[in-house]
Amino acid sequence: MGIHGLQKLINDHAPGAITETEMKNLFNRKIAIDATMSLYQFLIAVRIGGEGQPAAANLTDESGETTSHLQGLFHRTIRMINNGVKPCYVFDGKPPDLKAEELAKRAAKREEAEKNGKEATEAGDTETIAKFAKRTVKVTRKHTEEAKRLLTLMGVPVVDSPTEAEAQCARMAKEGLVYGAGSEDMDSLTFGASVLIRHLTFSEARKMPIKEINLSVVLEQLGLDMNQFTDMCILLGCDYADSIKGIGPVRAFDLIKKHGSLEEIIKNLDSTKYPIPESFDYVRVRQLFKEPDTLPASQIDLKWKDPDEEGLIEFLVKEKGFAEDRVKSGIEKLKKSRGTSVQNRLDSYFGAPVKRKLEEPKKEKGKGAKKAKTGGKAAASPVKKGAGKKK
DNA sequence: ACTCTGCATCAAGACGTA
DNA sequence: ATAATTGATGCAGAGT
DNA sequence: TACGTCC
């Protein structure tokens with residue numbers, strides 16, 4: 001569930017922290033991506049049939065094993081590398097204990113959904129069945145292992161997070177190992193990601209722009225330090241604690257501005273109007289956000305290598321039944337992109353991504369590229385007035 | 001009048017060709 | 001046994 | 001850009 005309403009709050013109170021961009025402007029940027037989330041998307045979206053058809057089915061290999069996740073991952077990753085982006089995928093470990101309660105709630109909800117799904121099956125309601133199928137998608141260990149194998153063959157680095165992938169991505173950004181965390185989950189900011197990149201994947205052919213959210217500007221424009229921001233996020237509602245009933249985005253922001261910390265807020269809160277929930281262990285939650293169980297950057301070695309051509313053919317074509325010419329053309333793109341990436345880095349032709357501020361009018365002329373360091377330095381300083389648009 | 005809850009609903013990828 | 005999304009948006013209804 | 005197809 002991320003942080004409840006955080007995106008909207010940032011839109012309203014820290015619009016300058018958001019810049020819109022497109023993928024090619026992320027040239028040479030290392031980006032940490034939550035792999036499990038991506039696999040979900042592919043398993044849900046890469047289907048055939050469904051619309052008035054018998055049932056929505058995944059793509060499969062000869063023996064009926066799902067290949068949707070591999071199809072999606074292969075092409076998406078190529079697309080990113082083709083644009084000069086250097087993705088690395090971070091896989092989930094065990095969820096933290098604090099999440100147990102939240103997970104139990106979801107389990108209950110799921111049970112409910114399954115009941116409804118069964119009823120639909122009995123009624124032969126194909127539309128509802130298809131909807132239900134999307135809710136029962138699971139990312140299995142097998143999916144995960146196959147995804148890792150594919151990425152490794154493609155020469156793309158893979159990271160195993162001890163706990164939440166989101167937290168690991170955030171730390172990698174925070175410590176400068178990557179430029180940002182590519183995610184839809186606003187938790188990333190609470191975990192300290194210097195830059196959060198949303199909608200990284202469904203832009204390009206689509207009309208949705210990529211949005212970069214810069215944490216230091218968020219803090220600056222909200223007028224909060226990181227501790228206060230974290231406390232506010234807990235108030236807004238996160239995966240790790242119940243929130244206080246009656247406190248939404250407006251009052252949460254007010255309260256943190258007024259009192260500065262959860263301790264002070266609770267001290268001054270009318271507990272008859274706003275009872276503190278039983279399991280409101282905000283001290284531990286705060287600690288979890290501040291120091292999640294993740295690997296430090298010093299223990300992670302990110303290397304983008306040439307693709308293993310034979311390995312990819314063996315895996316995708318021989319084992320998974322992919323069309324050989326498609327796989328080969330994908331490999332060609334990978335090889336080609338790697339070459340230009342290295343060359344352009346030497347030229348340092350591109351500096352910082354050309355961005356445009358969210359509130360600026362759409363039509364704008366002139367280009368203004370700014371200089372910035374290459375390769376994986378997190379943007380520690382606030383974004384200035386860098387206007388400029390594609391041509 | 002504003003704020004929040006709770007509920008419902010919805011959509012969720014990418015390629016190549018025409 | 002081995003998996004348990006999510007965010008956005010819209011609405012009615014109630015609390016402040 | 002729309003649409004059938006990817007496996």
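Throughout, protein chains are lettered first and strands after them, A, B, ... in sequence-line order, and every chain is numbered starting at 1.
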Give the rounded distance in Å between these two atoms: NE2 of A/His75 and C1' of D/dC7. 10 Å
Between C/dT5 atom P and A/Glu184 atom CD, what is the distance in whole Å? 16 Å
Nearest-neighbour nucleotide for the A/Phe42 side chain, B/dC15, B/dG13, B/dG16 considered: B/dG13
Heavy atoms only, 4.0 Å cut-off, all strands: where does A/Thr60 land among base, sugar-phosphate and nothing? base
For the pair A/His143 and A/His69, name the ring-plane relationship: parallel under 30°, tilted 30 to 60°, perpendicular over 60°. perpendicular
Quick one: which of B/dC15, D/dC7, B/dA12 gets closest to the side chain of A/Ile44? B/dA12
Strictly distance-based, threshold 3.5 Å: is any side-chain N or O of A/Arg286 a donor or acceptor partner for the main-chain N or O of A/Thr230? no
Determine the Euclidean distance between corresponding P atoms of B/dG13 and C/dT6; express it in Å to zero decimal places. 15 Å
Look at all strands and tell whether A/Gly72 reaches a base, only sugar-phosphate, or nothing, counting heavy atoms closer than 4.0 Å. nothing
Atom-pair distance (CG on A/Leu316; P on B/dC15), nearest Å: 15 Å
Without decimals, in angstroms, what is the distance between A/Leu43 CG and B/dA11 C1'? 16 Å
I'd like to know if the side chain of A/Thr163 reaches the main chain of A/Asp293, judged simply by a donor and an acceptor atom lying under 3.5 Å from each other, with no hydrogens or angles considered. yes
Using the C1' atom as the point on both nucleotides, what is the distance between B/dC15 and C/dT5, in whole Å? 26 Å
Collect all protein-nucleotide pairs involving nucleotides 8-15 of chain C in which both atoms are nitrogen or oxygen and the distance is under 3.5 Å.
| unit_1 | atom_1 | unit_2 | atom_2 | d |
| --- | --- | --- | --- | --- |
| C/dA8 | OP1 | A/Arg198 | NH1 | 3.2 |

Has the side chain of A/Asp92 got a donor or acceptor atom that lies under 3.5 Å from a matching backbone atom of A/Ala165? yes
Go through the side-chain N and O atoms of A/Asp231 and A/Ser261 and say whether any donor and acceptor fall under 3.5 Å apart. no
Is the side chain of A/Lys257 donor-acceptor paired with the backbone N or O of A/Leu222 at a distance under 3.5 Å, no angle test? yes
Every protein N/O lying under 3.5 Å from an N/O of nucleotides 3-6 of chain D:
| unit_1 | atom_1 | unit_2 | atom_2 | d |
| --- | --- | --- | --- | --- |
| D/dC6 | O2 | A/Gln71 | NE2 | 2.9 |

More 5' along DNA chain B: A/Ser329 or A/Gly248, using each one's nearest nucleotide? A/Gly248
Length of the line joining A/Ile247:CD1 and C/dT16:P, which is rounded to integer Å: 10 Å
Measure from the side-chain heavy atoms of A/Met37 and tell me the nearest of B/dA12, D/dC7, C/dT5. C/dT5
Can you check salt bridge (charged side-chain N to carboxylate O under 4.0 Å, His left out) on A/Asp12 and A/Lys8, steps first, answer last? CA-CA 6 Å; A/Asp12 295 345; A/Lys8 195 170 183 313; 3.3 Å; yes
Quick one: A/Leu39 CG to C/dA3 P, roughly how many Å, whole number? 13 Å
Is the backbone of A/Pro292 close enough, under 3.5 Å, to the side chain of A/Thr294 for a donor and an acceptor to pair up by distance? yes
Under 3.5 Å: donor-acceptor pair, side chain of A/Asn58, backbone of A/Val46: yes
Measure CD/A/Glu324 against P/B/dC15 and give the value in whole Å, please. 20 Å
Against the side chain of A/Thr201, the closest entry in B/dG16, C/dA3, B/dA14 is B/dA14
Do the side chains of A/Lys142 and A/Glu146 get close enough for a salt bridge, i.e. N-O under 4.0 angstrom? yes
Looking only at atom P, what distance separates D/dC7 and B/dC7, rounded to whole Å? 44 Å
If you assign each of A/Tyr274 and A/Thr36 to its closest nucleotide in DNA chain C, which residue comes earlier from the 5' end? A/Thr36
Check the distance between B/dT3's P and A/Asp12's CG and give it to me in whole angstrom. 11 Å
Nearest-nucleotide wise, let me know which of A/Asp34 and A/Val139 is further upstream toward the 5' end of DNA chain C. A/Val139
Which nucleotide in the set B/dA14, D/dC7, C/dA3 lies at the smallest distance from any side-chain heavy atom of A/Arg141? C/dA3
